[in-house]
Structure formats: C-alpha cells, structure tokens
Engineer: 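Could you have a look at this structure, given as structure tokens, before my questions?
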Amino acid sequence: NILVGATSNDNLNRKLIAGTITALNGNVRLNADDGIDSANTNSIVRGRSVELAALSGHIGSLAQPLLVDSSNSGAGGVSVWAKNDIFLTETTGDLWLIAPLHVDTLLPVPTTRTATASVQSDLGQVVLESRSGSILDGIAEIAPGGLGQNPAGVNRIQNAFIANAI
C-alpha cells in the first residue's frame with residue numbers, strides 16, 4: 001500500500017505533482033490539499049484501489065487528466081474528492097467508482113466534512129473517462145447484498161458522483 005500526504009515548509013503550497021506511482025498488489029491513497037497533477041503525459045497512478053483527495057484544490061486538468069490504472073491486481077476502483085475540478089482517466093479496463101472508505105483519513109487536519117460519493121467536487125466540474133471500458137458504479141457491489149441486487153451485478157453510473165457543474 002502507498003499513502004502520500006503532500007506538505008510544504010510554509011504550508012502555502014501543498015500540491016502533489018505525481019510521476020509514476022504503483023502499488024503492485026495494494027492500494028494507493030494520495031492527499032494534496034492544493035491539488036494533484038501529473039508530472040507529464042506518461043505519469044500514472046496504479047493500484048487496486050486509488051483514493052484521491054484535494055480539499056482546497058483540483059485533480060488533473062482538461063489539458064492533462066490524471067491517469068489511473070485501478071483494479072490492476074483484483075477488485076478495486078477509484079474514489080475522488082476535490083474542492084475544484086476533477087479530470088481523471090482510467091487507462092485500462094473499466095473505471096469502477098467505489099465508496100470513499102478511507103478518503104477522510106487522508107485529511108491533514110480533523111474535519112466535520114465527510115465524503116458522500118465516489119467522485120465529489122464541491123465547486124468544480126467532473127470529467128471522467130475510461131479509455132477501454134465502461135464507467136461503473138461499484139458501491140452496490142461491495143455493499144451488503146452485493147451482486148444479487150440486479151441481474152447483471154452492475155449498476156451503470158447513476159448518482160455515483162456529485163458535482164456542482166458537469
């Protein structure tokens with residue numbers, strides 16, 4: 001497992017510029033209050049579950065979305081929480097949106113706020129892409145009752161993320 005929290009000497013810039021981050025058989029959790037960006041077009045975050053938080057900033061950009069490869073070693077997915085825009089691309093297979101199980105523990109200081117959706121932007125737009133698959137709601141599948149909740153075992157993305165503007 002990989003857990004990264006961005007800090008700075010003066011606490012004025014807590015942004016994470018991600019290169020290649022890979023948890024071969026584990027999960028990745030990144031928190032950078034002022035934002036998470038890719039170092040270059042080859043940058044990618046790989047893990048079974050990828051959880052991202054930028055509660056004063058953004059994640060990715062229109063010009064360079066943050067690339068992820070989730071569920072790379074088994075069941076997993078992505079949960080994301082940012083104040084501003086979220087631009088995220090799943091590079092391999094389906095993009096499974098999972099419950100924000102650990103994102104609250106990524107916060108640098110205690111808060112009364114909690115994540116309420118798989119993908120949550122408080123003030124910005126959300127743009128999700130899956131290059132070679134679908135965007136799927138993984139919450140029903142990991143909740144009590146799981147796969148028996150519908151015949152296909154999959155709820156297509158319905159109210160799986162919250163954003164002020166899309």
Engineer: Is there side-chain contact between Arg46 and Thr20, with heavy atoms separated by less than 4.5 Å?
Structural biologist: yes
Engineer: To the nearest 0.5 angstrom, please state how far the OG atom of Ser71 sits from the CZ atom of Arg48.
Structural biologist: 9.5 Å
Engineer: Do Leu97 and Leu136 touch side chain to side chain, with heavy atoms closer than 4.5 Å?
Structural biologist: no
Engineer: Do the side chains of Ile135 and Ser130 get nearer than 4.5 Å, heavy atoms only?
Structural biologist: yes
Engineer: Are the side chains of Asn31 and Val4 in touch, meaning some heavy atoms are under 4.5 Å apart?
Structural biologist: no
Engineer: If we ignore hydrogens and angles and just use 3.5 Å, is the side chain of Asp94 paired with the main-chain N or O of Ser134 as donor and acceptor?
Structural biologist: yes
Engineer: State which residues pass side-chain contact (heavy atoms from CB on, under 4.5 Å) with Asn40; sequence neighbours excluded, sorted by chain then number.
Structural biologist: Asn42, Ser43
Engineer: With Thr89, which residues qualify under side chain to side chain donor-acceptor pair (under 3.5 Å), at least two apart?
Structural biologist: Glu129
Engineer: Check whether any side-chain N or O of Asp85 sits under 3.5 Å from a backbone N or O of Gln125 as a donor-acceptor pair, and report yes or no.
Structural biologist: yes
Engineer: Does Asp37 have any salt bridge (charged side-chain N to carboxylate O under 4.0 Å, His left out) partners at least two apart in sequence or in another chain, and if so, which?
Structural biologist: Lys15
Engineer: Flag the pair Val68 / Glu90 as yes when at least one side-chain heavy-atom distance between them is below 4.5 Å, and no otherwise.
Structural biologist: yes
Engineer: Check whether any side-chain N or O of Arg29 sits under 3.5 Å from a backbone N or O of Leu3 as a donor-acceptor pair, and report yes or no.
Structural biologist: no
Engineer: If you measure from OG on Ser121 to CD1 on Ile59, what distance do you get to the nearest 0.5 Å?
Structural biologist: 9.0 Å
Engineer: So which residues get pulled into Leu67's cluster when ILVMFWY side chains under 4.5 Å apart are joined, directly or through others?
Structural biologist: Ile44
Engineer: Do side-chain atoms of Ser61 reach the backbone of Gln64 as a donor and acceptor pair under 3.5 angstrom?
Structural biologist: yes
Engineer: Answer whether the closest heavy-atom distance between the side chains of Leu52 and Leu66 falls below 4.5 Å.
Structural biologist: yes
Engineer: In this structure, would Phe87 and Leu55 fall into the same cluster of hydrophobic residues linked by side-chain contacts under 4.5 Å?
Structural biologist: no
Engineer: Are any side-chain N or O atoms of Asn27 and backbone N or O atoms of Ser49, one a donor and one an acceptor, separated by less than 3.5 Å?
Structural biologist: yes
Engineer: Any heavy-atom pair between the side chains of Asp122 and Trp81 that's under 4.5 Å?
Structural biologist: yes
Engineer: Compare every heavy atom of Ala23 with every heavy atom of Val28, then report the nearest pair and how far apart it is.
Structural biologist: CG2-CB, 3.8 Å
Engineer: Would you say Val127 ends up clustered with Ile86 if hydrophobic residues are merged whenever their side chains have heavy atoms under 4.5 Å apart, either directly or through other cluster members?
Structural biologist: no
Engineer: Should Ile98 and Val78 count as side-chain neighbours, where that means a heavy-atom distance under 4.5 Å?
Structural biologist: no
